[in-house]
Amino acid sequence: MNILLGANEEAIKRNKDMVVIPITSSPEEAIERVIRYYREGRIDSAILPGRFTHAFKAPPSFPIVFLGKPMEHNLAPHVKLSFRHAYYEAITQIIAQKKKKIMWLEQYNTLFSSERYNILKGFTLAHGLELSRIELGLTNTETIVKDKGIAQISDACEKHLD
């Protein structure tokens, strides 16, 4: 959310508009939509997740910045995201709201998700917060968008909270 707010503030300073395009389809379909919007003159640049680099067959013909390290070829600049900073801000908000329990929900356990979990776990231990973890076993982000994936997430959370 901070990335969107920061991008919007910069756009306003430059007398520009920012458009958020929800990604509810495959990366390839989302890229096709972004390229179509550029060709139609609706946008003149884009900020995209780094994992979308694979969807480009050639370097983009308009300015693009990727969030997070691009997963494949380096087609455009990328901005590294700091999970440590994001979790610090989240923990600060949780403490300010006098909350004590945090649930970590992940699609499936990878080295990357374990690293992020351990960063969050360190913050929660340091502040006396409770942290529980749910692994859904979903290996594809698109699965979450479909009813089956959402139902699986809901069931896992409900079971855990019970």
Side-chain angles (χ1 to χ4, degrees), residues 1-14 16-27 30-31 34 43 45-56 60 63-145 149-162:
M1 203 56 195
N2 283 341
I3 293 169
L4 291 175
L5 292 172
N8 192 52
E9 282 180 28
E10 290 302 314
I12 290 169
K13 286 179 190 175
R14 291 166 172 74
K16 301 283 183 182
D17 293 321
M18 185 177 93
V19 177
V20 177
I21 303 170
I23 300 171
T24 58
S25 55
S26 71
I31 294 302
V34 167
I43 63 170
S45 60
I47 301 171
L48 298 168
R51 61 187 170 84
F52 277 28
T53 57
H54 77 277
F56 282 93
I64 290 182
V65 174
F66 291 104
L67 296 178
K69 187 173 183 181
M71 302 304 264
E72 294 183 18
H73 42 290
N74 196 3
L75 297 173
H78 71 275
V79 176
K80 184 177 180 183
L81 303 177
S82 168
F83 292 108
R84 184 173 301 280
H85 179 74
Y87 294 152
Y88 173 79
E89 286 193 12
I91 295 295
T92 302
Q93 289 296 316
I94 289 166
I95 291 169
Q97 295 174 20
K98 303 199 182 329
K99 304 294 182 187
K100 293 279 184 189
K101 300 176 184 177
I102 299 172
M103 181 187 300
W104 171 264
L105 183 67
E106 62 189 34
Q107 285 177 250
Y108 62 101
N109 192 353
T110 65
L111 182 61
F112 189 56
S113 66
S114 291
E115 178 185 343
R116 292 185 302 178
Y117 173 77
N118 288 332
I119 291 169
L120 183 59
K121 185 178 178 182
F123 281 130
T124 58
L125 288 173
H127 291 80
L129 304 173
E130 292 179 39
L131 178 64
S132 56
R133 184 177 190 173
I134 297 177
E135 180 187 335
L136 299 171
L138 298 174
T139 58
N140 186 334
T141 304
E142 292 168 34
T143 307
I144 291 176
V145 177
I150 291 173
Q152 192 172 350
I153 292 169
S154 178
D155 292 346
C157 290
E158 189 174 325
K159 187 182 296 182
H160 184 79
L161 291 171
D162 285 343

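Remember, predicted model here, so these are calculated numbers, not experimental data. For the numbers below, each heavy atom of this structure counts, side chains included, while hydrogens, waters and symmetry mates do not.
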Shortest non-hydrogen separation from A11 to D17 and the atoms involved: CB-C, 4.4 Å

Distance, nearest 0.5 Å, that separates CG of N118 from OH of Y87: 10.5 Å

Smallest separation among heavy atoms of A7 and M18, with atom names: CB-SD, 3.6 Å

Within-4.5 Å side-chain heavy-atom neighbours: L131 and Y117: yes

Distance in Å, I94 CD1 paired with F123 CZ, rounded so as to fall on 0.5 Å steps: 11.5 Å

Gap between atom NZ of K100 and atom NE2 of H127 - 0.5 Å precision: 10.5 Å

I91 side chain reached by L120 side chain, heavy atoms, under 4.5 Å: yes

Min side-chain heavy-atom separation R116-W104 under 4.5 Å: yes

Atom pair NZ/OG of K121 and S114 - distance to nearest 0.5 Å: 10.5 Å

